[in-house]
Amino acid sequence: MRVSGKYAVALLALLAVGAAPRIAAYRGVRGDDLCNAPGAMKATSMIPGTLALGERLESLGPATFQWSEGEIENPALAKTPMQFQVIRSFDGPFLYENPVRFASARLEPEELRVREVEVDAERIPVHIAWDHTQLPSRLVAYFFAFDGRPVRSPLAAQLRRAAGLALGGPRPTTLVLVSGVASPDNASVVEDAAAAWLGDAWRYFAHACRER
């Protein structure tokens, strides 16, 4: 089988990203974690209207994931708070290949889009997934951070850093996610609240990570 030239570079980059953790593990190297300050994962507990429920480590297959989770107010359904998770791992692909799997509100997305949330001169690409086939409707909103900044695609970010990752070791990917429910007539209100909380989460999380 022959691979055309225009695909060869992308294929090699993908192979490099996939090989980076193994190469680094063989060499005993991990990249600098820009957010290993004590308490950084708990920074979201300072956001008004947020109830932090704890932090834990969990192993899923060969990877270990660091979790921080809790509840935030649902402006439309006061008795049904939204749930949030902050999940970080050096196994980035498992996080970004199907991020909605981590949501407390199980859904099959029928509407997928990205909206930008501006936070302190940064634009956070927030992914929005809705499932309106269920009653109430179910929402998952999330963003990724890699190498100390929000990114639209962690895969693309890793591809750009493939050589450095292979030599210097893998870096963690962070998924910040909110899930909840809404009725059709207040879906936009719930989505706006989730997006606003994600913007606040990045503000607090980034401050905790960068103040070293």
Can you find a pair of side-chain heavy atoms, one from I72 and one from L51, that are under 4.5 Å apart?
-> no
Hey, could you give me the OG1/CZ distance between T174 and R88, rounded to the nearest 0.5 Å?
-> 4.0 Å
Taking NZ, NE, NH1 and NH2 as the nitrogens, is one of them in E191 or R115 under 4.0 Å from a carboxylate oxygen of the other?
-> yes
Is there side-chain contact between R203 and D120, with at least one heavy-atom pair below 4.5 Å?
-> yes
Verify whether one side chain among W202 and E122 offers a donor that lies under 3.5 Å from an acceptor in the other.
-> yes
Nearest heavy-atom contact between G180 and M82 is CA-CG, 3.9 Å
P75 side chain reached by V189 side chain, heavy atoms, under 4.5 Å = yes
Below 4.5 Å, heavy atoms only, C-beta onward: do Q85 and L175 meet side chain to side chain?
-> no
Working to the nearest 0.5 Å, report the span between CD of E71 and CD of Q83.
-> 4.5 Å
Taking all non-hydrogen atoms of both residues into account, name the closest pair between A187 and A182 and its distance.
-> CA-CB, 3.9 Å
Which atom names give the shortest non-hydrogen contact between G92 and T173, and what distance separates them?
-> CA-OG1, 3.6 Å
Path from L77 to F84 over hydrophobic side-chain contacts below 4.5 Å = no
Measure across P172 and F146 and return the closest heavy-atom pair with its distance rounded to 0.1 Å.
-> O-CD1, 3.6 Å
Is there a chain of hydrophobic side chains (I, L, V, M, F, W, Y, each step under 4.5 Å between heavy atoms) that links V151 to Y142?
-> yes
Compute whether any side-chain donor of one residue and acceptor of the other, for S89 and D91, lie under 3.5 angstrom apart.
-> no
Check against side-chain contact (heavy atoms from CB on, under 4.5 Å), V114 and V126 | CA-CA 5 Å; V114 177; V126 173; 5.9 Å; no
Considering only heavy atoms from C-beta outward, does the side chain of L198 approach that of V117 to under 4.5 Å?
-> no
Heavy-atom side-chain proximity of N74 to V190 below 4.5 angstrom | yes
Taking all non-hydrogen atoms of both residues into account, name the closest pair between T50 and W197 and its distance.
-> OG1-NE1, 2.8 Å
Taking everything shown except E97 itself, do over 12 heavy atoms lie less than 6.0 Å from its CD?
-> yes
side-chain contact (heavy atoms from CB on, under 4.5 Å) between T133 and E108, worked out | CA-CA 9 Å; T133 65; E108 293 293 333; over 6 Å; no
With a 4.5 Å heavy-atom cut-off, do E111 and R113 have their side chains touching?
-> yes
With side-chain contact (heavy atoms from CB on, under 4.5 Å) as the test, would you mind laying out the steps for V178 and V140 before giving the verdict?
-> CA-CA 6 Å; V178 172; V140 176; over 6 Å; no
Given the options R152, H127, R149, F144 meets side chain to side chain contact (heavy atoms under 4.5 Å, CB included) only with H127
Mind checking whether F102 and V181 sit in one hydrophobic cluster, side chains of I, L, V, M, F, W, Y counted as touching below 4.5 Å?
-> no
Under a 4.5 Å cut-off applied to non-hydrogen side-chain atoms, are I87 and L177 in contact?
-> no
